4 protein chains.
Amino acid sequence: MRILLSNDDGVDAIGLKTLYEVLSKAHQVTVIAPDRNCSGASNSLTLVNPLRVKQLDNGFYSVNGTPTDCVHIGINQLMHEKPDIVISGINHGPNLGDDVIYSGTVAAATEGRYMGLPAIAASLADYDSQDFFYAATIIASILEQIESHPIPNDQILNINIPALPKNEIQGIAATRCGRRHQAETMVKSKDQHGREIYWYGPVGEIKDASAGTDFYAITQGYVSVTPISVDMTAKESINLLDSWFTEMKI
Amino acid sequence: MRILLSNDDGVDAIGLKTLYEVLSKAHQVTVIAPDRNCSGASNSLTLVNPLRVKQLDNGFYSVNGTPTDCVHIGINQLMHEKPDIVISGINHGPNLGDDVIYSGTVAAATEGRYMGLPAIAASLADYDSQDFFYAATIIASILEQIESHPIPNDQILNINIPALPKNEIQGIAATRCGRRHQAETMVKSKDQHGREIYWYGPVGEIKDASAGTDFYAITQGYVSVTPISVDMTAKESINLLDSWFTEMKI
Amino acid sequence: MRILLSNDDGVDAIGLKTLYEVLSKAHQVTVIAPDRNCSGASNSLTLVNPLRVKQLDNGFYSVNGTPTDCVHIGINQLMHEKPDIVISGINHGPNLGDDVIYSGTVAAATEGRYMGLPAIAASLADYDSQDFFYAATIIASILEQIESHPIPNDQILNINIPALPKNEIQGIAATRCGRRHQAETMVKSKDQHGREIYWYGPVGEIKDASAGTDFYAITQGYVSVTPISVDMTAKESINLLDSWFTEMKI
Amino acid sequence: MRILLSNDDGVDAIGLKTLYEVLSKAHQVTVIAPDRNCSGASNSLTLVNPLRVKQLDNGFYSVNGTPTDCVHIGINQLMHEKPDIVISGINHGPNLGDDVIYSGTVAAATEGRYMGLPAIAASLADYDSQDFFYAATIIASILEQIESHPIPNDQILNINIPALPKNEIQGIAATRCGRRHQAETMVKSKDQHGREIYWYGPVGEIKDASAGTDFYAITQGYVSVTPISVDMTAKESINLLDSWFTEMKI
């Protein structure tokens, strides 16, 4: 397959490099990734300033933009033939539950889907582990599976892999996004001149990690695969809203 | 009601100021908005650098961050009592169809919902009109409606208002997100030193503007109200994926 | 006189607003200043991205760039008639000794000089005082003086005013830049995810504050006026270097 | 010698890599450079946000800051033993005349001098040439010369090398900074949404390239070495100013 590989940790990240090495054995892989760490970038676009692209010694393209920018410019400008799939990752750390909406890793996959392509986001569900090799082989296996079972239209797969030895992984589970409690209070501190600054604090406690969620799967030693819809409409509420608003006078 | 008002066009934007004037007649409104234009910011968070807050002469809080940052820091740090609702806008230009996922306006509302609050995103569906007053009164009316008909859990309302004189607006329609074709090719040009730069080109043509979509409503002269889910799981695909992956060996 | 007024604390800064109020009684003042705090900007130019200009409700121009950008775009694009002088400030805090080279306040004046105009940089030598009024009247007086005694070619005046009541100011002294010891060690700390970050620590101790320096003048209650050359050549060393290098084989 | 090597074109730049290769044959070289192109950064400091450092696969340190930041953090934090000299470059393009004050290349050297160390800025006086090798050997030779003839106190050397074959270089000339006319009008254009943006236009025509200037030396095929003072005081004007201001009443 022809693969566009991106991420949000940046073009130097080890998770990206490891996935490139594993996938490029069997596939034609073009890497297009941000020049800086873009964790928390979500689906943001660089609209105010222009983008610049640099090809590094290892052939990877480095873009001074977001993961979404990388996928967009990659398909539109840098790749002469359209890729067959967009893959994003492997992210260093989990992308589970509410965090999916903030994730630049997931966003790169979403952008692929908007551009008409199947797409996968991949994360190693651990901040400390430096070993992405086995996670990369799992992504390679899932990729084979997808060739015979295409990802449903207007959806992407968000894959989180536990940082466990191969023989402790229990299997693959299809999941829904769990929920966290809202994040802890931001941390207020002072800069070197005594002026107030604020940092995001630690993420909130988990609120819904019941069976069926991505949190639950990871805790149980499963690879979590969550289908994510790129259409955010809450269709189940349309009729209700319609009944409220048709009666309203404006 | 106690309202946290934010936007993505920035703390100086006329749409924000007009909505503030209209809402503050009947409500207690705290404005917390980005110091710069953040169009296309999506749900991005400022994680790499700290945030700084400045209160302007008009009492508005200006934050060197994204719409999501503004709502998060507002609820966590700046407002002594939790607001009853988060309102974002009025954006200058539409937020319809696929563009919802890139919108900083919608993201500010989403962040309110993640923080446990009802939330509304409001946009004037026109880039040229400078008249936000009537749109602001419509938001005020919808706000009254919401007091008796609460927004469903884990959802926000994405409201787009056509830039029409009052007597030409046909009513309010509950809608789903339409779809665009993928964006046009990016525009490649050169900077003053002859180095290649890339700008996003115009948005793609509309692909699905059929009856029931937000695009359709606006074209027909209706205010479009789309319920947006903050949980992106494509629940309808979980069983299918489960059947694929349980058979897979890893 | 027609004055271009800029600063590095940003277009909202009280030192800028106070100087505008005082000078605009007798002069025609156009304010063009950065949209964000640019302390430490030195003579930096925004070359990688384009500049954007916004005129605020009070008539001031706000530029998403550096002090140097503001002066350059002001003379080249925004002012229909060339100004007679460029004034920068009043900065909140001193610009003395070695700090002159890092100062965005001084840089705005330097840029004026490069564009062929006389130029002044003004600073209140105190971080805590919020009273810029008397300092502004001193700048107005010096401006009158300059009309009859033009600033030498290729030089600007760097003016620092002690934060003292009017009757405690001893007079005006022409000075040279003093020297500090190198800055204290940078402060190493951790962000919220435990990753190492570095902040500049406090400025170094003063090393040369002997009679004749700007440091000395301020300590003694004088307004310090230092002529600054925009040509950095150390002319006294040219002959020496020439003798070394002509003998050298390459 | 123990050398701190930095630049302003960024840690990937070929001029930096070539100089590293040549110097590291005889010296112990630590590279600490910006992660992005910082042309035009002048002596700017990153004060509002913290700095982050990353060591790349080739051992170079990459800093998300300016050339000045790189030298400051390098001496203060990253190098266990203080370097003997700071070298900046080789810049891709000339740093001559008025441009010296905007140059990040020169600024990195200046920062070394402020930190108490001898320092050199090196530029290849051509934007098109990709061959930095011979220029690097000249820097190596000048470095040897400096070991026996120390750079005067409070000065740095700004070296520009013509992009000529070895046998066409005429020698080394000690020079003063020439002068340009002010830059051409900025270029006003529109972004993809029709909003006005401004780019810096081409540099101004040369105004003083007479014998003795850096411009002249380059044109004649000489390596130009300009001593630059880190004290910007225009000492020759102090007495004059003193006579003006002592008579002035404030």
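Sequence lines set the chain letters: A, B, ... in the order given, protein chains first and strands last, and positions in each chain run from 1. Note that the structure is predicted; figures quoted are calculated from it, not measured.
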What's the separation between atom [atom1] in [X] and atom [atom2] in [Y], rounded to the nearest 0.5 Å?
X: A/Leu51; Y: B/Ile197; atom1: CG; atom2: CD1; value: 9.5 Å
X: B/Leu45; Y: A/Ser39; atom1: CG; atom2: OG; value: 10.0 Å
X: B/Ser148; Y: A/Met248; atom1: OG; atom2: CE; value: 10.0 Å

So which atom in [X] and which in [Y] form the shortest heavy-atom distance, rounded to 0.1 Å?
X: A/Tyr102; Y: B/Asn43; answer: CD2-O, 3.3 Å
X: A/Asn37; Y: B/Val48; answer: O-CG2, 4.4 Å
X: A/Pro152; Y: B/Leu240; answer: CG-CD2, 4.3 Å
X: B/Arg52; Y: A/Glu196; answer: CG-O, 4.2 Å

Report task. Taking the side chain as every heavy atom from C-beta outward, state whether B/Tyr222 and A/Phe245 have any pair of such atoms under 4.5 Å apart. Result ->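 With C-beta onward as the side chain, the pair stays apart.
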Report task. Could you go through the side chain to side chain contact (heavy atoms under 4.5 Å, CB included) check for A/Tyr114 and B/Ile101 one step at a time? Result -> CA-CA 10 Å; A/Tyr114 273 122; B/Ile101 212 164; 3.5 Å; yes
Query - Per-residue contacts, residues 223-231 of chain A versus chain B, heavy atoms under 4.5 Å - result: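 A/Val223, A/Val225, A/Thr226, A/Pro227, A/Ile228, A/Ser229, A/Val230, A/Asp231 fall under the 4.5 Å cut-off.
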Between [options], the one whose heavy-atom pairs under 4.5 Å with chain B are most numerous:
options: A/Ala174, A/Pro50, A/Gly40; result: A/Pro50
options: A/Asn239, A/Ile151, A/Ile75, A/Asp191; result: A/Asp191
options: A/Gln145, A/Lys235, A/Arg195; result: A/Gln145
options: A/Ile73, A/Val100, A/Ile138; result: A/Ile73

Query raised in the report: Checking heavy atoms, do the side chain of B/Ile146, its backbone, both or neither come under 4.5 Å from chain A?
Result: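 Neither the backbone nor the side chain of B/Ile146 comes within 4.5 Å of chain A.
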**Report entry** Portion of B/Glu144 that has a non-hydrogen atom of chain A nearer than 4.5 angstrom
**Finding:**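 Neither; nothing under 4.5 Å.
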**Report entry** Check: A/Met186 main-chain N/O paired with B/Gln77 side-chain donor or acceptor under 3.5 Å
**Finding:**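 Side chain of B/Gln77 to backbone of A/Met186, a donor-acceptor pair under 3.5 Å: yes, one is there.
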Query raised in the report: Is a side-chain N or O of A/Thr233 found less than 3.5 angstrom from the main chain of B/Arg176, in a donor-acceptor match?
Result: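 It does not hold such a pair.
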Report task. Kindly write out the residues that satisfy ring-ring contact (aromatic ring centres under 6.0 Å, His included) with A/Trp199, not counting sequence neighbours, or none if the list is empty. Result ->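 Result, ring-ring contact (aromatic ring centres under 6.0 Å, His included) vs A/Trp199: none returned.
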Report task. Pick whichever of B/Ser42, B/Ala41, B/Gly97 has the most heavy-atom pairs under 4.5 Å with chain A. Result ->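 If we count pairs closer than 4.5 Å to chain A, B/Ser42 comes out on top.
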**Report entry** A/Leu117 versus chain B, the contacting section by heavy-atom distance below 4.5 Å
**Finding:**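 Contact with chain B: none, neither part.
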Query raised in the report: For A/Ile156, is it the side chain, the backbone, both or neither that has a heavy atom under 4.5 Å from a heavy atom of chain B?
Result: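 Neither part.
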Query - Heavy-atom contacts under 4.5 Å, residues 63-71 of chain B to chain A - result: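 Interface residues of residues 63-71 of chain B: B/Thr68, B/Asp69.
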Query - All salt bridge (Lys or Arg N to Asp or Glu O under 4.0 Å) counterparts of B/Arg179, not counting sequence neighbours - result: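 A/Asp154, B/Asp98.
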